[in-house]
Amino acid sequence: MTSDDTDTTTESKATSLLVSFIVDGSVGVALFLLFCVLRPRVPHVFDARREARKLRLDTKSAEAPPVPPGLFAWVPHVLSFSDEAIYNLAGMDALMQVTFFRFARRLFTACTIVGLAVLMPINWFAGDKLSGISRTTMSNIPADSGALWAHLLCAYAITAYMFYELRKLHLKYREYRERTLHAQILSARTVLLQGVPATATTASIVEAFRPVLPDVATALRVWDLTDVADLLEQREEALTRLERARYNANLPQLPWSYRFQRIVMSMCGLTDNIKQPLLSSRQPAMLRGWRLFASPQQEAEYWAAVIEMVDERVISTREAALARAALPAAFVTFATSRSASIAAQCNLSSIPAGWLSKPAPEPRDVIWHNLGINPVHRRLKEFVSFAAVVGLFVLYSVLLTFAATAAEINSLSDKLLFLDVFTPDPWLRGFIEGVFSSVFVLIIMALLPIFLSWLATWEGLACRTFVQQKLLSEMYLFFIIEVFFVTIVAGAIFNAIGPIIDDPSSIVTLLSRAVPQTGAFFFSYVLLHALVGYTVDLVLLWPLIWTPIVLWLFARTPREIKAAKQPRSCNYAARLASELFVVTVGLLYSSASPVVLPAVLSFFLLGELVYRYHLMYVWEPAVESFGLLWPRVHTRLVASAIIYHLVLMAIFALKLGTANAILVLPLPVLAVYAHRYYTRFYLDPVRTYPLLDPRQDVDPPAWSLSEEFVQPELQASLVAPDDVLINADASA
């Protein structure tokens, strides 16, 4: 590569970083100010938990104190929340999420200070072969240079500080996990049995446990109620339509949107969204005709008749399901968590795959229809799921190679002449390299958890926490293999495509120089995620746009208003995988390219602020795993440190720093030892209820938890159509 080519590449990278910073910073500042202005004015979006609590007439559950007035008063307010307040108001999963951000913020504050004050000047003055941004990377250090010793010492210091902070985080986890286990909540006093014979009744299950554990309280068999669930969904839709019809019937004049909505629904085939087998000869005459011009009174008559027919089907289908054999699963509840812990760890039967016990998840967490999948079908589904994930790996390799190509378009244009159309304009080239490639990666990675979550649920996992655990593992693997290694290798090769074509034997030497230079892409990626991704999260862009439209045009009845104002939940697993990937990037480039560190630090600073606000005021957890995701987070934090050590060792070896590479070897060994130590002394003792722990049981936390293990289809009450009385005043 000639000096002119090097200067052009360096100038291109500097331009892409500048464009990325300007675009991301401008969008981030605009969205942040928009949130500060709109927050007190749109409470159903930015104070959704409090608004939903009012709609539910909930006076028992605790709520966060109101935000004091002022444009930026919310910032110190949310930062002032203690761990105790977060635990009591948002749950243990939320607390561990905030604690993780605190850990990452402290770690990368230290890394940024060391990287910018120590390593970047060493990289700059160690050699003069490169210029501009590239001179701040390890690529500028000559082979077998004494400057590599500074990177070795900093690697030891960063690793030691990381595991020091990790120990503090584990102490916090153990403290609150112990409190949760001693809180005597329902799930802590219950075990899930799988492989239960169909002949076993609830009474026989209770009597089987009583000689060993006398405080056994109740047992619940699980039934296949899938058809009942479908009918209840149709009934809920019919109730919504009935309320709307009675609301319109009480209006002095129909709104202009009523006829428009009826025409659109008729054209889209949504007018009768109830399955045809439900209809009978007893239906009103208007059911058999075109209802586009029906009056609200006729609409109300129609939906009342539909509800009556659905109710008959619900009752008969429910009775038929309960008459069939139960699914091979049961929940057994004890009077104390101690007995449940004993039952969950016992070998209950010598029958293969029979009477298997495990701690029960929280009732809302259970995926009831998956409890009936037999082990053979489960293994077949696991194989199909594995094959689908492998196919996704191949597909994403192609897509992310394209992203790496866009990030190195200036280097490729020297050999691929058709790309010259992008190179004359430096700002267009900078936008493609600094913004487009990062946005493309964010979009395709945002689509991944949707499919992986569906795949894990289809596979037959018993609860949503297990789905979240598998999603976290697979998403992190995707980030490391696809976004990290594919981007590094592809970017390094594209960055040195000319010399590699001219002299293929130089690929090893060129990779040692080019790998640290891929930091420009990760700087743009992390900065986009921090300044744009988190501010979009903060301003809740989609709910902010769509919820007012729904409330203005469509939501009129209490049921519709409640549905429109329902708080969103947080997908912890997908978010944690992305955040763990940024930890990996920050650790690696703390030595290879310290210019990335300010972007990583801003990522965790903004992320902690956004999470603190949303967890207390916006997001309402759909389920609570009581911190069961944290052991997997810990494992991947240790994996990030080991990846950092191995890549740094490879860079030392490629730069002929043999002694440095050898001296890095103890670091991954110590990381593995620390992992085993922390697992044994901090994680394993609080996986289940400690039987000999002298600590007294405490009162349950003030979370919104289910109070009994009952399938939702058996809990649902059938509201009579005559009790749905909606008038114009009721919706105000």
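Just so we're clear, the structure is a prediction, and the values are computed from it rather than from any experiment. For the numbers below, each heavy atom of this structure counts, side chains included, while hydrogens, waters and symmetry mates do not.
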Walk me through it: do Arg246 and Leu242 pass the test side chain to side chain contact (heavy atoms under 4.5 Å, CB included)? CA-CA 6 Å; Arg246 290 182 175 173; Leu242 175 60; 3.5 Å; yes
Tell me, with the steps shown, if Gln345 and Ser341 meet side chain to side chain contact (heavy atoms under 4.5 Å, CB included). CA-CA 6 Å; Gln345 300 175 67; Ser341 180; 2.8 Å; yes
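- A pairwise comparison of heavy atoms in Glu624 and Glu362 identifies O-CB, 3.7 Å as the closest pair.
- The CD atom of Glu560 sits 9.5 Å away from the CZ atom of Arg241 when rounded to the nearest 0.5 Å.
- The backbone N or O of Leu186 sits less than 3.5 Å from a side-chain atom of Thr190, completing a donor-acceptor pair.
- Side-chain N or O atoms of Thr547 include one that pairs as donor or acceptor with a backbone N or O of Pro543 at under 3.5 Å.
- No donor-acceptor pair under 3.5 Å is formed between the side chain of Arg575 and the backbone N or O of Cys570.
- In this structure, CD on Glu237 lies 10.5 Å from CG on Leu239, to the nearest 0.5 angstrom.
- The aromatic rings of His182 and Tyr689 lie tilted to each other, with the angle between the two planes from 30° to 60°.
- Side chain of Arg235 to backbone of Ile307: no donor-acceptor contact under 3.5 angstrom is found.
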Could you give me the CA-CA distance, side-chain angles and deciding distance for Phe209 and Trp355, then say whether ring-ring contact (aromatic ring centres under 6.0 Å, His included) is met? CA-CA 12 Å; Phe209 277 99; Trp355 296 94; 7.4 Å; no
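- In this structure, CG on Asp230 lies 11.0 Å from CG on Leu225, to the nearest 0.5 angstrom.
- Checked by atom type and distance alone, the side chain of Asn370 pairs as donor or acceptor with a backbone atom of Thr457 at under 3.5 Å.
- Of all heavy-atom pairs between Ala573 and Leu472, the closest is O-CD1, 3.7 Å.
- Summarising the geometry, atom OH belonging to Tyr611 is positioned 13.0 Å from atom CD1 belonging to Ile86; distances are rounded to the nearest 0.5 Å.
- Expressed to the nearest 0.5 Å, how far CE of Met96 lies from OG of Ser625 amounts to 10.5 Å.
- Glu312 and Ser316 form no side-chain donor-acceptor contact under 3.5 Å, judged by distance and modelled atom types alone.
- Considering only heavy atoms from C-beta on, Ser385 comes within 4.5 Å of Lys470 through its side chain.
- With contacts defined as side-chain heavy-atom distances shorter than 4.5 Å, the pair Pro361/Phe466 does not qualify.
- Side-chain atoms of Arg189 come within 3.5 Å of backbone N or O of Phe334 as a donor-acceptor pair.
- Leu540 is listed as a side-chain neighbour of His614, based on a closest heavy-atom distance under 4.5 Å.
- Considering only heavy atoms from C-beta on, Lys565 comes within 4.5 Å of Leu551 through its side chain.
- Across all non-hydrogen atoms, the minimal contact from Gln194 to Lys358 is OE1-NZ, 3.4 Å.
- In Phe383, the CZ atom is not crowded: 12 or fewer heavy atoms of neighbouring residues, nucleotides or ligands sit closer than 6.0 Å.
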CA sep, side-chain torsions, deciding dist, call: Leu471, Asn571, side chain to side chain contact (heavy atoms under 4.5 Å, CB included): CA-CA 10 Å; Leu471 177 63; Asn571 187 343; 3.8 Å; yes
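- Under the 4.5 Å side-chain criterion, counting only non-hydrogen atoms from C-beta, Leu392 is in contact with Leu452.
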Before you tell me yes or no, could you show the steps for Met616 and Arg49 under side chain to side chain contact (heavy atoms under 4.5 Å, CB included), namely the whole-Å CA-CA distance, both residues' side-chain angles and the distance that decides it to 0.1 Å? CA-CA 8 Å; Met616 301 299 282; Arg49 293 189 65 173; 5.6 Å; no
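- To the nearest 0.5 angstrom, Glu207 atom CD is 10.5 Å from Thr202 atom OG1.
- The side-chain heavy atoms of Arg324 and Trp223, taken from C-beta on, include no pair separated by under 4.5 Å.
- Here the closest non-hydrogen pair linking Ala343 and Leu213 is CB-CD1, 3.8 Å.
- Classification of the Phe331-Phe709 ring pair by plane angle, with boundaries at 30° and 60°, yields parallel.
- At a cut-off of 3.5 Å, with distance as the only test, a side-chain donor of Thr180 or Tyr87 sits close to an acceptor on the other residue.
- Without hydrogens or angle criteria, Gln97 side chain to Tyr572 main chain gives no donor-acceptor distance under 3.5 Å.
- One side chain, Asp215 or Thr336, offers a donor N or O that lies under 3.5 Å from an acceptor on the other.
- Tyr613 places a side-chain N or O within 3.5 Å of a backbone atom of Phe46 that can act as its donor or acceptor partner.
- A donor-acceptor pair under 3.5 Å is formed between the side chain of Arg318 and the backbone N or O of Glu713.
- Asp365 contributes a side-chain N or O that, together with a main-chain N or O of Arg464, makes up a donor-acceptor pair within less than 3.5 Å.
- Residues Pro548 and His44 meet the side-chain proximity criterion, which asks for heavy atoms closer than 4.5 Å.
- Closest non-hydrogen pair, Leu193 versus Ser357, comes out as CD2-CB, 3.6 Å.
- The closest side-chain heavy-atom distance from Leu714 to Leu322 is below 4.5 Å.
- Between Ile373 and Gly460 the shortest heavy-atom distance is CD1-CA, 3.5 Å.
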